[in-house]
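So the structure is just underneath, and the comments pick up after that.
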Amino acid sequence: MKGDIYSIEKRMRIIFIVVLAVIVFSSTYFTNRLVKNLSDEEKNRMEILAEATRYLIEAKENEDLSFVMKIISMNTTIPVIIIDENDNLVNSRNIKVKGDEDKFFKEKIQEFKTKNLPIEISFTTGEKQYFYYGDSLLLIQLSYFPLVQLIIIVVFCAVVLYALLSTKKAEQNQVWVGLSRETAHQLGTPISSLLAWVEILKSEDIDPKLMEEMSKDVNRLSVIAERFSKIGSKPDFEKFDLGEVLDNALNYMRNRVSQKVKINSYIEPGIVLPLNVPLFEWVIENLCKNAIDAMEGDGKIDVNVWREGNEVLMDIKDSGRGVPKSRFKTIFNPGYTTKKRGWGLGLSLVKRIIEEYHGGKIFVKSSEANKGTTFRIILPLINNDLR
């Protein structure tokens with residue numbers, strides 16, 4: 001079934017998302033491990049620095065302290081605050097004071113407490129000092145790395161997906177336009193031949209009613225060819241009574257479907273809209289044919305049209321087998337079909353005619369298994385800026 005291609009695409013999107021999640025999780029996990037290892041390393045360095053500070057304070061006169069001073073001077077990145085037992089500031093390093101000094105250091109100490117446990121320095125005299133320290137700039141930057149990496153990956157993937165989808169859509173449009181115009185071109189010759197044969201047959205002793213119906217069908221083929229030729233071109237619009245256009249399209253369908261199919265309509269009178277009639281009739285015929293297929297030739301179709309504010313609402317409801325909710329949007333994709341035959345272009349072209357040409361919207365309003373589906377079309381009543 002051709003509709004399966006969209007199931008495959010959906011699975012591919014899920015796989016892509018899973019792979020992306022694995023990459024992000026792996027990166028975050030290993031970065032966090034690296035951050036923890038660096039944090040442990042900085043803790044060890046601070047313990048050594050605290051011990052060096054204690055040794056410096058308790059050193060005897062004339063003792064060589066060059067090695068201890070080297071250890072202390074090597075700390076150029078980790079902010080440190082040393083206070084005594086009475087919370088008086090003893091020393092600080094790698095900290096730039098801003099504003100009131102006392103308030104600033106109190107706030108910094110509280111900040112450091114939330115990040116690292118203070119190191120206690122005990123002297124032989126019984127006095128104590130407390131060694132508070134924060135994270136180095138490298139550790140802070142590294143802790144933000146997973147978030148930055150995630151943002152970069154998401155932006156990159158979004159750009160790539162947008163480019164791929166835009167390219168795919170452009171290619172699809174070229175294929176559908178080319179296919180439509182080629183179809184119109186191929187239909188031209190046999191239609192011209194049929195028109196000539198109809199004129200010849202009219203001179204023979206043939207029932208005029210049969211000839212009239214044959215002429216209608218040949219003219220219908222001409223209209224179909226014209227519709228295909230308009231795909232990809234800017235269509236012409238004129239103001240028409242919507243009721244008359246719908247009646248013509250529905251009457252054509254009524255005369256060509258089984259008596260087991262009933263097509264009912266309620267159309268609010270006096271609705272005038274700018275329409276391209278051949279294309280709009282194509283929309284109605286496509287939706288009715290799909291409804292008939294869904295009902296397997298036995299059921300009813302209700303078409304209701306009314307004004308609501310600045311919009312015209314149209315519901316086309318059938319009593320067919322229904323559409324799964326997961327397919328409400330997929331069914332408008334080119335190539336999607338549940339039939340054994342067909343290209344799956346009908347609803348895709350319907351959506352294009354309504355949304356791109358007539359400036360409206362079309363969607364599945366509701367559907368229930370074995371009870372039917374309702375398509376809703378919304379057309380602007382005032383805005384005539386049509387593409």
Side-chain angles (χ1 to χ4, degrees), residues 2-3 176 180 220 223-224 227-228 230-231 235 240 242-258 260-268 271 273 275-306 311-325 327-339 341-368 370-380:
K2 294 179 182 178
W176 307 142
S180 299
R220 175 59 57 170
V223 171
I224 291 171
R227 290 171 178 173
F228 277 110
K230 291 180 181 295
I231 298 299
F240 288 93
L242 182 60
E244 293 180 5
V245 174
L246 285 173
D247 281 338
N248 289 335
L250 295 176
N251 285 333
Y252 176 80
M253 295 301 301
R254 288 187 183 106
N255 294 331
R256 283 158 179 77
V257 298
S258 166
K260 294 180 179 179
V261 176
K262 303 297 181 183
I263 301 178
N264 308 312
S265 63
Y266 167 76
I267 305 168
E268 183 179 326
I271 299 176
L273 290 173
L275 299 171
N276 181 281
V277 173
L279 292 180
F280 192 77
E281 287 182 341
W282 195 0
V283 169
I284 304 305
E285 290 175 19
N286 252 307
L287 292 173
C288 288
K289 287 176 182 177
N290 281 343
I292 293 167
D293 289 338
M295 298 184 299
E296 298 180 351
D298 187 0
K300 68 173 182 175
I301 301 172
D302 294 321
V303 179
N304 296 315
V305 182
W306 70 98
E311 296 176 328
V312 176
L313 276 60
M314 181 186 308
D315 282 353
I316 300 176
K317 181 179 180 181
D318 63 59
S319 57
R321 58 179 173 268
V323 177
K325 193 169 184 179
R327 302 291 190 188
F328 277 16
K329 293 184 179 180
T330 309
I331 59 175
F332 292 103
N333 291 332
Y336 177 85
T337 179
T338 58
K339 306 172 189 175
R341 299 176 60 186
W343 288 86
L345 299 180
L347 287 177
S348 173
L349 291 173
V350 163
K351 185 177 179 68
R352 181 167 186 164
I353 291 168
I354 292 297
E355 297 189 355
E356 294 188 23
Y357 293 160
H358 287 81
K361 297 178 183 177
I362 182 170
F363 53 90
V364 179
K365 179 177 178 287
S366 61
S367 187
E368 191 173 349
N370 301 318
K371 289 190 177 181
T373 301
T374 301
F375 283 87
R376 171 160 289 186
I377 295 174
I378 302 176
L379 295 172

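- When all heavy atoms of Ala249 and Glu281 are compared, the pair lying nearest together is CB-CG, 4.1 Å.
- Remark: Ser367 engages Thr373 in a side-chain hydrogen bond (donor to acceptor under 3.5 Å, both in side chains) (not counting sequence neighbours).
- Heavy atoms only, all atoms of each residue included: Leu379 and Phe280 are closest at CD1-CE1, 3.8 Å.
- Taking every heavy atom of both residues into account, Ile362 and Glu355 meet most closely at N-OE2, 3.4 Å.
- To the nearest 0.5 Å, the span separating CG on Leu279 from CD1 on Ile353 amounts to 4.5 Å.
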Handout entry: Leu287 and Leu347: CA distance, side-chain angles, deciding distance, side-chain contact (heavy atoms from CB on, under 4.5 Å) verdict
Key = CA-CA 8 Å; Leu287 292 173; Leu347 287 177; 3.7 Å; yes
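- Once rounded to the nearest 0.5 Å, the distance linking CD1 of Ile316 with CD1 of Ile377 reads 4.5 Å.
- Among all heavy-atom pairs drawn from Asp298 and Val261, the shortest one is N-CG2, 4.0 Å.
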Practice task
Kindly determine whether Tyr266 and Asp302 satisfy side-chain contact (heavy atoms from CB on, under 4.5 Å), including the steps that lead there.
Solution key: CA-CA 8 Å; Tyr266 167 76; Asp302 294 321; over 6 Å; no
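- Legend: residues meeting side-chain hydrogen bond (donor to acceptor under 3.5 Å, both in side chains) with Asn251, ordered by chain and number and at least two apart, are Arg254.
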Problem - Stepwise side-chain contact (heavy atoms from CB on, under 4.5 Å) check, Phe375 with Ile331 - result: CA-CA 12 Å; Phe375 283 87; Ile331 59 175; 3.9 Å; yes
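- From Lys361, atom NZ reaches atom CD of Glu311 across 7.0 Å, with rounding to the nearest 0.5 Å.
- Residues Asp315 and Leu313 fail the side-chain proximity criterion, which asks for heavy atoms closer than 4.5 Å.
- Met314 has its side chain within reach of Val305: a pair of non-hydrogen atoms, C-beta onward, lies under 4.5 Å apart.
- In this structure, the side chains of Lys260 and Met295 stay at 4.5 Å or more apart for every pair of heavy atoms.
- By the side-chain hydrogen bond (donor to acceptor under 3.5 Å, both in side chains) test, Asp247 is found to be paired with no residue, residues two or more places apart in sequence or in another chain being considered.
- Inter-residue side-chain proximity for Ile284 and Leu250 is flagged as met; some heavy-atom pair is nearer than 4.5 Å.
- In this structure, Glu244 CD and Asn248 CG are separated by 7.5 Å, a value rounded to the nearest 0.5 Å.
- Closest of all the heavy-atom pairs between His358 and Asn276 is NE2-N, 3.2 Å.
- Sparse packing is recorded around NZ of Lys317, with 12 or fewer heavy atoms of other residues, nucleotides or ligands lying under 6.0 Å away.
- Here the closest heavy-atom approach between residue Cys288 and residue Met253 is recorded as CB-CE, 4.1 Å.
- Note: Tyr357 OH to Leu349 CG = 8.5 Å, rounded to the nearest 0.5 Å.
- Note that the CG atom of Asn264 and the NZ atom of Lys262 stand 9.0 Å from one another [nearest 0.5 Å].
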